[in-house]
Amino acid sequence: MRPETACIHAGYEPGNGGARALPVYQSTTFTFDSTEHVGALFDLTAGDAFYTRLGNPTVDAVEKKIAALEGGVGALCTSSGQAASMLSILNIAQAGDHILCSSAIYGGTFNLFGVTLKKLGIEVTFIDEDASLEELQALVQPNTKAVFGETIANPALTVLDIEKMAQLAHSNGIPLIVDNTFATPILCRPFDFGADIIVHSTTKYMDGHAVQMGGVIVDSGKFDWGASGKFPGLTEPDASYHGLRYTEAFGEAAYITKARVQLMRDMGTCQTPMGAFLLDLGLQTLPLRIRQHSKNALTVAEYLEQQPDVEFINYPGLASDKYHALAEKYLPEGTAGVISFSIKGGRDRAAKFIDSLKLVSLEVHVADIHSCILHPATATHRQLTDEQLVACGITPGLVRLSVGLENVEDILDDIKQAFAAIAE
Ligand SMILES: *Cc1c(COP(=O)(O)O)cnc(C)c1O
């Protein structure tokens with residue numbers, strides 16, 4: 001199936017007289033007619049859903065759809081994007097291990113990796129993703145277990161050179177994990193460029209309507225967990241399943257099966273059946289939406305670039321952008337809806353610009369059908385001085401604009417009147 005077809009049909013096929021729409025199995029549990037069958041479930045030799053924390057037919061259908069879209073062997077839905085990022089690492093790293101992570105990542109991931117994983121004994125080195133392979137290689141340690149980056153970084157809007165990062169990871173016998181939230185599998189399929197594991201916050205474009213939190217981990221099935229001897233959690237016996245070895249029992253699906261039957265069992269950050277149903281509604285129209293977001297955002301970016309009040313703009317779809325060449329390679333159909341730009345005159349003028357907008361709403365969110373905007377200097381980064389802001393790569397006048405699916409002329413009219421208001 002091509003992506004547009006898979007978005008509608010993959011993962012669920014009604015039988016004769018079956019429901020056309022994906023049914024919601026709003027049940028925590030399932031019944032069986034023999035103790036022998038239930039025993040097989042606990043031995044992992046039977047695969048039916050038996051308890052919704054570990055599996056549910058509605059959630060399962062959506063996982064199959066997302067795995068098909070990314071070209072993976074399996075997927076695991078989670079309660080949020082944060083849970084997906086956390087489990088993606090904990091599935092292969094433990095106290096004493098080390099991760100390399102791009103410094104151009106989502107703030108929540110930065111805190112999770114830099115503070116919380118550190119407390120668990122996993123050290124993370126944040127790297128400049130634009131550095132050369134030689135420079136990056138020098139940062140790899142014997143205990144490094146993964147390389148992590150975002151296809152299009154939120155909010156830096158850098159574009160990851162996935163092939164370079166895959167080469168770095170593979171030459172050291174470790175996997176590349178890519179957060180593909182902003183691109184979605186419609187604009188980029190990181191597995192096609194060598195990534196091994198993909199995570200998403202489905203809260204963003206995949207849901208697309210700002211109704212349901214969620215995340216997902218997708219396994220390419222291509223990484224050889226046994227080759228380097230660095231992943232005993234996958235290759236050595238698991239005491240909590242009487243000595244089962246994931247690579248031996250599940251082959252190419254070893255990573256995603258372990259994430260489910262071990263980590264989801266123990267940590268419980270699962271998606272709900274109703275949440276998966278809402279996510280599925282979003283996925284059905286994802287190709288139409290993400291292409292239109294990209295189109296609207298490019299129109300807005302081209303307008304903003306010409307404005308005398310705009311100090312600089314970051315949008316990889318712009319021909320003048322530093323990441324345009326990488327975007328042409330990895331995101332030939334468009335670069336999604338998020339733009340950042342800096343308004344001349346600093347904090348106060350940027351705040352007045354935002355306060356003057358009428359259609360574009362002020363929100364701590366991005367990547368859904370509504371246009372919205374945020375000013376880091378008065379919101380997420382308000383404790384920082386102007387000098388500290390600049391050190392984080394954020395100017396006092398920087399705003400993050402998520403271009404929605406309204407008529408682009410209405411979005412432009414709103415931006416124009418806000419520029420007129422700050423010119424007074
Ligand atoms: C929002 C976001 C996350 C975190 O997802 P939640 O669903 O909010 O937990 C992770 N990565 C990226 C790129 C994001 O934009």
Side-chain angles (χ1 to χ4, degrees), residues 1-12 21-22 24 56 58-72 74-85 87-88 106 108-109 150-154 177-191 195 197-219 256 269-294 296-297 331 333-338 363 365-370 372 402-405:
M1 285 189 225
R2 292 172 178 81
E4 296 76 9
T5 313
C7 277
I8 295 171
H9 292 284
Y12 171 64
L22 175 64
V24 184
N56 171 284
T58 308
V59 183
D60 178 69
V62 181
E63 286 165 343
K64 288 198 166 74
K65 179 175 284 187
I66 295 172
L69 288 170
E70 289 287 17
L76 175 67
C77 281
T78 59
S79 53
S80 68
Q82 286 298 99
S85 301
L87 296 187
S88 77
Y106 176 64
T109 313
E150 295 179 8
T151 312
I152 304 174
N154 174 13
I177 306 177
V178 172
D179 180 334
N180 199 32
T181 297
F182 271 15
T184 82
I186 305 304
L187 298 179
C188 178
R189 298 212 318 172
F191 292 156
I197 305 296
I198 291 171
V199 295
H200 284 275
S201 165
T202 64
T203 315
K204 311 291 167 54
Y205 290 117
M206 280 190 166
D207 163 82
H209 301 79
V211 295
Q212 179 65 42
M213 300 295 299
V216 68
I217 308 173
V218 194
D219 184 353
I256 202 69
T269 56
C270 57
Q271 181 55 282
T272 62
M274 193 62 200
F277 173 78
L278 292 170
L279 169 57
D280 190 55
L281 288 184
L283 288 170
Q284 290 169 5
T285 56
L286 179 63
L288 286 170
R289 288 187 292 103
I290 196 71
R291 291 183 180 122
Q292 190 63 36
H293 276 291
S294 303
N296 282 2
L331 302 144
E333 279 199 78
T335 57
V338 182
E363 280 172 42
H365 187 56
V366 284
D368 71 66
I369 55 172
H370 318 86
C372 62
S402 177
V403 180
L405 296 184

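Count residues from 1 along the sequence.
Atom-to-atom distance recorded for T151:OG1 and L331:CG is 7.0 Å, nearest 0.5 angstrom. Residue I152 holds its CD1 atom at 8.0 Å from SG of C188, rounded to the nearest 0.5 Å. Taking CZ from R189 and CG from N180, the interatomic distance works out to 10.5 Å, rounded to the nearest 0.5 Å. From M1, atom CE reaches atom SG of C7 across 10.5 Å, with rounding to the nearest 0.5 Å. Considering CG of L87 and CG of L76, their distance stands at 7.0 Å, rounded to 0.5 Å. Atom-to-atom distance recorded for H293:NE2 and T335:OG1 is 12.5 Å, nearest 0.5 angstrom.
Across every non-hydrogen atom of Q212 and L278, the tightest pair is OE1-CD1, 3.8 Å. The two residues A183 and L187 make their nearest non-hydrogen contact at O-CB, 3.2 Å. V62 approaches A276 most closely through the heavy-atom pair CG2-O, 3.4 Å. Of all heavy-atom pairs spanning P185 and M206, the tightest one is CD-CE, 3.5 Å. For the pair I217 and S88, the tightest heavy-atom approach, listed with the atom from each and the gap, is CD1-N, 3.9 Å. Contact record, F182 with A367: CE1-CB, 4.4 Å, taken as the closest heavy-atom pair.
Residue pairs meeting the salt bridge (Lys or Arg N to Asp or Glu O under 4.0 Å) criterion with at least one member in residues 274-283, sequence neighbours excluded: K65-D280.
Test T78, D179, V216 against H200 for side-chain contact (heavy atoms from CB on, under 4.5 Å) and you get one pass: V216.
Remark: the backbone N or O of G275 is paired with a side-chain donor or acceptor of T272 at under 3.5 angstrom. Remark: the backbone N or O of G214 is paired with a side-chain donor or acceptor of T202 at under 3.5 angstrom. Within the 3.5 Å criterion, the main-chain N or O of I256 finds a donor-acceptor partner in the side chain of D219. A donor-acceptor pair under 3.5 Å is formed between the side chain of E150 and the backbone N or O of Y106. Between the side chain of D207 and the backbone N or O of M213, no donor-acceptor pair lies under 3.5 Å. Judged purely by atom type and a 3.5 angstrom limit, R289 uses its side chain to pair as donor or acceptor with the backbone of G282.
Listed by chain and residue number, R260 satisfy the salt bridge (Lys or Arg N to Asp or Glu O under 4.0 Å) test with E63 (two or more places apart in sequence, or in another chain). Looking at residues two or more places apart in sequence or on another chain, you find a side-chain hydrogen bond (donor to acceptor under 3.5 Å, both in side chains) between T203 and S201.
Side-chain atoms of Y205 and V338, non-hydrogen and from C-beta on, do get closer than 4.5 Å to each other.
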Could you go through I197 and V218, starting from their C-alpha distance and side-chain angles, then the distance that decides it, and tell me whether this counts as side-chain contact (heavy atoms from CB on, under 4.5 Å)?
CA-CA 6 Å; I197 305 296; V218 194; over 6 Å; no
